[in-house]
Amino acid sequence: MKILVTGGAGYIGSHTCKALAAAGHEVIVYDNLSTGFRKLAKWGECIRGDILDEEKLRACLHTHKPEGIIHFAAFSQVGESVSNPDRYIRNNVGGTLNILESMRDTGVRNIVVSSTAAVYGIPEHCPITEDMPAHPINPYGETKLFMEWMLTDFARAYGISWTALRYFNAAGADPESECGECHTPETHLIPRALMAVTGELKDFRIMGSDYPTQDGTCIRDYIHVSDLAAAHVLAMERLHSEASGQGFSLNLGTGTGLSVKEILHAVEQVTARRLAYTTGERRAGDPPVLVADGTRAQEILHWTPRRSRVDTIIEDAWNWHVSGRDMVIRAD
Ligand code: UDP
C-alpha cells in the first residue's frame, strides 16, 4: 500500500513509518516539522505541510492517491492544552476535519488515528476497557475524543473506515536507535529520568507521592513505541483488506502498571547510575492509576506487545539517548 502519514516526523509517527517500510509499504510523510524532525522522516518522501492548510492537504491526497492515512499530527501536551485550549481545538479538531473532508473529496477510504488513554479521564477502575465511559478531564483528551466522534460521523455519512488507537504511555525507542523520543521541552518520565542520570537535568522531581497506590506514586501502563508502530501497520492492513465502512477504538497497552518509583529503580538498574530526585507536588490532572485492558486490540489486530518489558523499554530509550537523540535535535 501507499500510506500518507501525518506527523510522520514525530516520535510515534517515525517508528510507524519504519514499520510500514519494513512491511513493504510505501510511505509519504506529511508534517509541518513544528515538533517533528526532518531527520526522523527517512522512510519515504517528506512533504512539509500543515494539516490546517486545507488546500495543500487536498492537493497532496489528489496527487499521491494513498490507499490510507495514518494520522498522528496533533498537539499532545496536557498542561499546554489547559492554558491554550483554542490552539488544541483548532489544530486537533480542525486539522482532523480537514483530513476527513479531503479524504471524502479525493476518495481515500481508510484512516488509522492516534488517540489516547486521556479520553477516559479518571477511570472508575482499572484495567480500562474500551466500553468504559470516556470523560476526559483536559482539553487534550477532549479533542481526541471529539476526533473519534467525527470519525464515527464520517463513517456513517461517507463510508470512511477507521480505527482509533488509544495509547497508554508510549515509551522506549527504536531497537536499532534509528529514531526515538526528542521532545523540547521534554516532559515525559523516562527521558527526564535519563536526563537526570546523565546530569543534563539537575532538579528531577517525582510529582506527587501521596497517591492511593502501594508506594504513593502514579501507576502507568508503559508500552514500547515499536509495539505501537506494529499495531498501526496491522490496523491499516486490516482496514485495507476489509473495506468495511465502519470503525472502532482500541486500547494499546500491556495490562501491567508500574509506579514512578518502579520506573526510576529500573532506570538505575539499566544505566548502572544513581538517580537523584526530590519529591514534590502532584501535577494537575494526573489520574492515580491508568492501566489498559488490551484484550480487544490483541484479538482484533492479532497484535502482541513484544518489547514492552520495562528493562527493554529503558534499554532502548537509553541507547537512543546516548547515541541518536542529540544528533537529531542538533541537525534541526
Ligand atoms: N512524572 C514525574 N516526574 C517527571 C515527569 C513525570 O513524577 O519529571 C510522573 C507524572 O506525574 C506521571 C508519570 O510520571 O505520574 C508519567 O508521566 P508522563 O508525563 O511520562 O506521561 P503521562 O502519564 O502524563 O502521559
Side-chain angles (χ1 to χ4, degrees), residues 10-12 35 72 74-83 88 92 114-123 126-128 136-145 165-173 180-225 228 251-254 256-268 275-292 308 310 313-314 316-318 320-321:
Y11 176 40
I12 307 171
T35 55
F72 293 99
F75 294 144
S76 61
Q77 305 260 341
V78 169
E80 192 188 34
S81 79
V82 176
S83 46
Y88 273 66
N92 295 3
S114 57
S115 188
T116 168
V119 300
Y120 295 111
I122 300 178
C126 281
I128 302 171
I137 55 165
N138 52 59
Y140 168 62
E142 287 165 10
T143 60
K144 288 288 176 167
L145 184 59
L165 299 176
R166 295 176 173 171
Y167 321 142
F168 281 63
N169 284 58
E181 196 161 8
C182 342
H183 298 117
T184 45
E186 187 50 77
T187 61
H188 294 108
L189 176 64
I190 294 174
R192 281 177 68 80
L194 296 175
M195 288 162 77
V197 298
T198 60
E200 292 159 81
L201 183 69
K202 301 288 178 219
D203 57 347
F204 180 84
R205 219 160 18 100
I206 294 183
M207 294 164 175
S209 57
D210 58 348
Y211 285 99
T213 60
Q214 85 275 5
D215 64 18
T217 64
C218 283
I219 292 179
R220 295 287 180 273
D221 184 338
Y222 294 88
I223 175 90
H224 196 293
V225 62
L228 292 181
N251 290 338
L252 294 182
T254 64
T256 302
L258 290 169
S259 73
V260 173
K261 282 191 176 163
E262 285 172 323
I263 291 288
L264 301 187
H265 178 69
V267 166
E268 288 190 319
L275 197 166
Y277 65 82
T278 55
T279 303
E281 294 292 300
R282 292 181 178 195
R283 185 169 66 181
D286 268 349
V289 183
L290 283 178
V291 176
S308 293
V310 64
I313 285 178
I314 293 172
D316 288 347
W318 178 233
W320 167 249
H321 195 86

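This chain uses plain numbering: 1 for the first residue, then up along the sequence. Counting starts at 1 for both ligands and their atoms, in listed order.
- Counting heavy atoms closer than 4.0 Å to ligand 1, residue V260 contributes side-chain atoms (C-beta onward) but none from N, CA, C or O.
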- Query: Would I128 and V291 count as a side-chain contact (heavy atoms from CB on, under 4.5 Å) if you check the C-alpha gap in whole Å, the side-chain angles of each, and the deciding distance to 0.1 Å?
  - Reply: CA-CA 6 Å; I128 302 171; V291 176; over 6 Å; no
- Apply the test side-chain contact (heavy atoms from CB on, under 4.5 Å) to residues Y277 and R205: give CA-CA distance (whole Å), side-chain angles for both, the deciding distance (0.1 Å), then the verdict. CA-CA 5 Å; Y277 65 82; R205 219 160 18 100; over 6 Å; no
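- Of the protein's heavy atoms, C218 CB, 3.0 Å lies nearest to atom 15 (O) of ligand 1.
- Ranking the protein heavy atoms by distance from atom 8 (O) of ligand 1 puts R192 NE, 2.8 Å first.
- Of the heavy atoms in R205, only backbone atoms (N, CA, C, O) come closer than 4.0 Å to ligand 1.
- The backbone N or O of H224 sits less than 3.5 Å from a side-chain atom of S308, completing a donor-acceptor pair.
- Closest to atom 1 (N) of ligand 1, if we only count protein heavy atoms, is L189 CD1, 3.8 Å.
- For H183, the NE2 atom is densely surrounded, since the number of other residues' heavy atoms within 6.0 Å is greater than 12.
- The shortest N or O to N or O distance between H188 and ligand 1 is not below 3.5 Å.
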- Query: Should T198 and W318 be marked as a side-chain contact (heavy atoms from CB on, under 4.5 Å) after you check the CA-CA gap, both sets of side-chain angles, and the distance that decides it?
  - Reply: CA-CA 10 Å; T198 60; W318 178 233; 3.6 Å; yes
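- The I206 neighbourhood of ligand 1 comprises atoms 7 (O), with distances under 4.0 Å to a heavy atom of that residue.
- Counting heavy atoms from C-beta outward, R166 and Y120 have side chains that approach closer than 4.5 Å.
- By the 3.5 Å distance cut-off applied to N or O atoms, I190 is not counted among the residues near ligand 1.
- In this structure, R282 forms a cation-pi arrangement with Y211, its terminal cationic atom sitting closer than 6.0 Å to the ring centre and no more than 45° off the ring axis.
- Residue contacts with ligand 1: Y222 is placed with no nitrogen or oxygen under 3.5 Å of a nitrogen or oxygen of the ligand (distance criterion only).
- Of the protein's non-hydrogen atoms, D286 OD2, 2.6 Å is the one closest to atom 11 (O) of ligand 1.
- Among protein heavy atoms, the minimum distance from atom 25 (O) of ligand 1 is reached at N169 ND2, 3.6 Å.
- The closest side-chain heavy-atom distance from R220 to L258 is not below 4.5 Å.
- Under the 3.5 Å distance criterion, with hydrogens and angles disregarded, a donor-acceptor pair is assigned to the side chains of E80 and Y88.
- Distance from atom 24 (O) of ligand 1 to its nearest protein heavy atom, with residue and atom name: R283 NH2, 2.7 Å.
- The nearest heavy-atom contact from the protein to atom 23 (O) of ligand 1 is R220 NE, 2.8 Å.
- Here the side chain of W320 pairs a donor or acceptor atom with the backbone of E181 at under 3.5 angstrom.
- Contact annotation for T187 and ligand 1: only backbone heavy atoms (N, CA, C, O) come within less than 4.0 Å of the ligand.
- Some N or O of M207 is nearer than 3.5 Å to an N or O of ligand 1, by distance alone.
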